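Encoded as structure tokens, the structure appears first; notes follow it.
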Protein chains: 2
Amino acid sequence: MNKVFEALASAARRKILAYLNQGELSAGEIAERFDFSKPALSAHLRILEEAGLITREKRGQFVFFRLVPERLANTVFAWAAELCPVARPLKREVRARRKPAG
Amino acid sequence: MNKVFEALASAARRKILAYLNQGELSAGEIAERFDFSKPALSAHLRILEEAGLITREKRGQFVFFRLVPERLANTVFAWAAELCPVARPLKREVRARRKPAG
DNA sequence: CCATCAGTTAATCAGTTGATTAACTATTTA
DNA sequence: TAAATAGTTAATCAACTGATTAACTGATGG
């Protein structure tokens with residue numbers, strides 16, 4: 001949980017997640033989309049991976065990365081939903097059932 | 001956006017938001033719930049305020065803080081929903097209306 | 001008016017983050 | 001096997017975070 005929010009504190013890392021949301025990419029393909037050095041990118045990818053937000057798969061010479069949307073759903077999304085009753089149509093039903101006569 | 005995610009990178013600040021989700025609290029009431037010094041708390045509150053996640057209101061000797069759930073909804077929640085199609089019942093309806101005959 | 005209480009600001013400091021270059025590992029290909 | 005390509009690790013460094021204490025501002029109340 002902590003690692004997830006720390007990972008998301010970087011705009012570059014959030015951008016990486018947005019790219020991966022389109023489909024898997026190799027480290028090199030991600031690197032093309034940014035200005036910083038390969039080691040810098042490697043560090044960002046490690047942080048995202050350790051937060052459980054992406055997975056890594058080595059295929060031959062390349063390393064491909066994929067988004068893990070369930071991880072986001074179970075951490076950030078769920079956390080935000082807890083503090084955003086305004087955006088929570090599902091949970092409202094649950095509440096209504098718990099307090100049937102107000 | 002960036003400031004919001006940076007603000008949320010701290011577990012202490014997320015905890016402050018959780019407390020404020022129960023209702024408004026003065027700085028002192030928040031301080032009681034933590035171990036660190038007043039200036040440290042003051043800094044955390046300033047960061048949350050500058051991110052637009054809380055508002056401040058001075059009443060007499062006290063400063064009361066309140067959560068701004070809409071801010072969370074429009075930043076974190078919306079951002080996460082974009083990457084979590086698995087958890088997006090609202091947007092599905094919007095899409096369905098846009099493409100009525102698929 | 002003076003003491004106290006609530007909170008912020010300033011100065012300082014240790015630890016972390018995020019970047020770089022250089023060197024390394026591992027895979028492909030000639 | 002040697003060269004090239006893809007990526008990581010190591011060493012280093014500047015900049016930022018997050019904490020502390022001391023000093024300040026502003027409201028309350030004897």
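Fair warning: this is a prediction, and the values are worked out from it, not measured in the lab.
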| query | With Glu24(A), which residues qualify under salt bridge (charged side-chain N to carboxylate O under 4.0 Å, His left out), at least two apart? | reply | Arg59(A), Arg66(A)
| Ile47(A): which other cluster members, linking ILVMFWY side chains closer than 4.5 Å, directly or transitively? | none
| Backbone N or O of Arg71(B) within a donor-acceptor pair of the Thr75(B) side chain at under 3.5 Å? | yes
| request: With a 4.0 Å heavy-atom cut-off, tell me which residues in residues 20-28 of chain A come close to DNA chain C, sorted by residue number. | output: none
| First and last nucleotide of DNA chain C in contact with chain B, 5' to 3', at under 4.0 Å to a heavy atom: what are they? | dC5(C) to dT9(C)
| field | Nearest heavy-atom neighbours spanning Leu53(B) and Ala7(B) | value | CD1-CB, 4.1 Å
| Quick one: does Cys84(A)'s side chain get under 4.5 Å of Leu72(B)'s, heavy atoms only? | yes
| Tyr19(A): ring pair (Phe, Tyr, Trp, His ring centres under 6.0 Å) partners, not counting sequence neighbours | Phe34(A)
| message | Under the rule for ring pair (Phe, Tyr, Trp, His ring centres under 6.0 Å), what residues qualify as partners of Phe65(B), not counting sequence neighbours? | response | none
| task | Work out which heavy atom in Ala80(A) is nearest to a heavy atom in Val76(B); give both atom names and the distance. | result | CB-CG1, 4.0 Å
| task | Check each residue of residues 57-68 of chain B for a non-hydrogen atom within less than 4.0 Å of any atom in DNA chain D, then write out the ones that pass by number, or none. | result | Gly60(B), Gln61(B)
| request: State, yes or no, whether a side-chain contact exists between Leu8(A) and Leu17(A) at a heavy-atom distance under 4.5 Å. | output: yes
| Is any side-chain heavy atom of Glu49(B) closer than 4.5 Å to a side-chain heavy atom of Thr55(B)? | no
| query | Residues from residues 3-11 of chain B sitting under 4.0 Å of DNA chain D, heavy atoms only? | reply | none
| field | Backbone N/O of Ala9(B) and side chain of Arg13(B): donor-acceptor pair under 3.5 Å | value | no
| request: Could you check if a side-chain atom of Trp79(A) sits within less than 4.5 angstrom of a side-chain atom of Met1(A), using non-hydrogen atoms only? | output: yes
| request: Starting from Watson-Crick (N1-N3 plus N6-O4 or O6-N4) and G-U wobble pairs under 3.5 Å, report the runs of at least three that DNA chain D belongs to. | output: C:1-30 with D:1-30
| task | Evaluate the side-chain proximity of His44(A) to Ile16(A): yes if any heavy-atom separation is below 4.5 Å, no if none is. | result | yes
| Residues from residues 29-53 of chain B lying under 4.0 Å of DNA chain C - heavy atoms | Lys38(B), Pro39(B), Ser42(B)
| query | Residues two or more places apart in sequence or in another chain: which of them pass ring pair (Phe, Tyr, Trp, His ring centres under 6.0 Å) with Phe64(A)? | reply | none
| task | Mind listing the closest non-hydrogen atom pair of Ala11(A) and Asn2(B) along with its distance? | result | CB-OD1, 3.8 Å
| Do Asn21(A) and Glu82(B) have side chains that get closer than 4.5 Å, going by heavy atoms? | no
| query | Got a sec, which hydrophobics cluster with Val68(A), joining ILVMFWY side chains under 4.5 Å apart, including via others? | reply | none
